[in-house]
Amino acid sequence: MKKIFAANWKLHKNPKESAQFFLEFKSLYKKDDHQVVFFVPSTSASAASESLVESGIQWGAQNCYSEVKGAFTGETSAQVIGELGGQWILLGHSERRSIFAENDELIAKKLQLVQSLGLTPMICIGETLAERDAGNLQKVLERQLTIGLSLADKSKKLAVAYEPVWAIGTGRVASVLQVAEAHQLVHSLIQKLGFTTLPVLYGGSVKADNAKELISTPGVDGFLVGGASLEVKSFLAITDCLK
Ligand code: PGA
């Protein structure tokens, strides 16, 4: 399975900054046997569309609504992202869950729509520190996957990002052992739900200096990178971690 290195820019970069980043990134990036994906803010969708056309580098939105159009003020249409050439939609990021009160049922509906449009959803799952400390890791991941994937089409593309909430943006990366255990658990839950192998990415304070060790951890099929994806050089160093 090709490793996937995905950038989650969150609410950073305007269209001009995005285009500048892509210009620099493309001039330094050497294609390899992996896939690079940028999850850009929806205001930078056109910039990504223009900058990345025919580059082999893919992009998508960080969220969408569960309907393609209608009276849904403030939402993003996955259909339009697809029309612009985006191939991915990130769903259920912990910030969407905690700040915007998204639940597993809504995420499931979005995922179904994204797949029906021929785009690939990347569903984020992960436990808070309190949930981990209470011994609920398995329970939480099982709930997020069982409900989140309940409407998924098993014949269509899909990716999972395991991101322990306590490791996101904190500089506190999960240990190799914790990552290995969680990824093994996620892969086995996915199998139990009747899916064939899906890529499971790790996210949470991935940086150039821990990428090599983490990518060699069994069950890690790539990364979802926040902070370290905002600078060309630091993200390039991560996409080069297999070398
Ligand atoms: P981080 O964010 O790399 O800054 O921890 C990861 C994410 O939120 O996807």
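Indexing begins at 1, ligand by ligand and atom by atom, following the structure's order.
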Asker: Using a 4.0 Å cut-off to any heavy atom of Gly204, which atoms of ligand 1 qualify?
Answerer: 5 (O)
Asker: With only distance considered, is Ser205 within less than 3.5 Å of ligand 1 through an N or O on each side?
Answerer: yes
Asker: First locate atom OG of Ser229, then atom CH2 of Trp9, and finally report the distance between them rounded to the nearest 0.5 Å.
Answerer: 7.5 Å
Asker: List the atom of Val232, the atom of Phe25, and the distance in Å for their closest heavy-atom pair.
Answerer: CG1-CA, 3.9 Å
Asker: With clusters built from Ile, Leu, Val, Met, Phe, Trp and Tyr whose side-chain heavy atoms come within less than 4.5 Å, directly or transitively, what are the remaining members of the cluster of Val176, listed by chain and number?
Answerer: none
Asker: Which bit of Asn8 gets closer than 4.0 Å to ligand 1, counting heavy atoms only: side chain, backbone, both or neither?
Answerer: side chain
Asker: Work out whether the distance between some heavy atom of Ala167 and some atom of ligand 1 is less than 4.0 Å.
Answerer: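 Ala167: in contact with ligand 1 (<4.0 Å).
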Asker: Look up atom CD in Glu17 and atom NE2 in His12, then write down how far apart they are to the nearest 0.5 Å.
Answerer: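 Here the rounded value is 10.5 Å.
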Asker: Look only at interatomic distance and state if Gly169 has a nitrogen or oxygen under 3.5 Å from any nitrogen or oxygen of ligand 1.
Answerer: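 For ligand 1, there is an N or O atom that lies under 3.5 Å from one belonging to Gly169.
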Asker: Hey, does Ala228 sit under 4.0 Å from ligand 1 if you only count heavy atoms?
Answerer: no
Asker: Would Gly227 count as being in polar contact with ligand 1, using the rule that some N or O on each side must be under 3.5 angstrom apart?
Answerer: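 Yes, at least one N or O pair falls under 3.5 Å.
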Asker: So is Gly226 polar-close to ligand 1, meaning N/O to N/O under 3.5 Å?
Answerer: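 Between Gly226 and ligand 1 (N or O atoms, distance only) the closest approach is under 3.5 Å.
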Asker: Quick check on Lys243: does its NZ atom have over 12 non-hydrogen neighbours (other residues, nucleotides or ligands) under 6.0 Å away?
Answerer: yes
Asker: Nearest protein heavy-atom contact for atom 9 (O) of ligand 1: which residue, which atom, what distance?
Answerer: Glu163 OE2, 2.6 Å
Asker: Flag the pair Lys192 and Glu142 as a salt bridge only when some basic side-chain nitrogen lies within less than 4.0 angstrom of an acidic carboxylate oxygen.
Answerer: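 Salt bridge present between Lys192 and Glu142.
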Asker: Have Tyr162 and Gln144 got a donor and an acceptor in their side chains that come within less than 3.5 Å?
Answerer: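 Checked: Tyr162/Gln144 side chains show no N/O donor-acceptor pair below 3.5 Å.
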Asker: Are any of the N/O atoms on Lys207, whether in the backbone or the side chain, positioned under 3.5 angstrom from an N/O atom of ligand 1?
Answerer: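 Among all N and O atoms of Lys207, none is under 3.5 Å from an N or O of ligand 1.
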Asker: Give the atoms of ligand 1, by number and element, whose distance to some non-hydrogen atom of His93 is under 4.0 Å.
Answerer: 7 (C), 8 (O), 9 (O)
Asker: Would you check whether Thr170 has a nitrogen or oxygen atom less than 3.5 angstrom from a nitrogen or oxygen atom of ligand 1?
Answerer: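 No - when backbone and side-chain N and O of Thr170 are compared with those of ligand 1, no distance drops under 3.5 Å.
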Asker: Does the separation of the ring centres of Phe235 and Phe5 fall below 6.0 angstrom?
Answerer: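 For Phe235 and Phe5, the ring centres are not under 6.0 Å apart.
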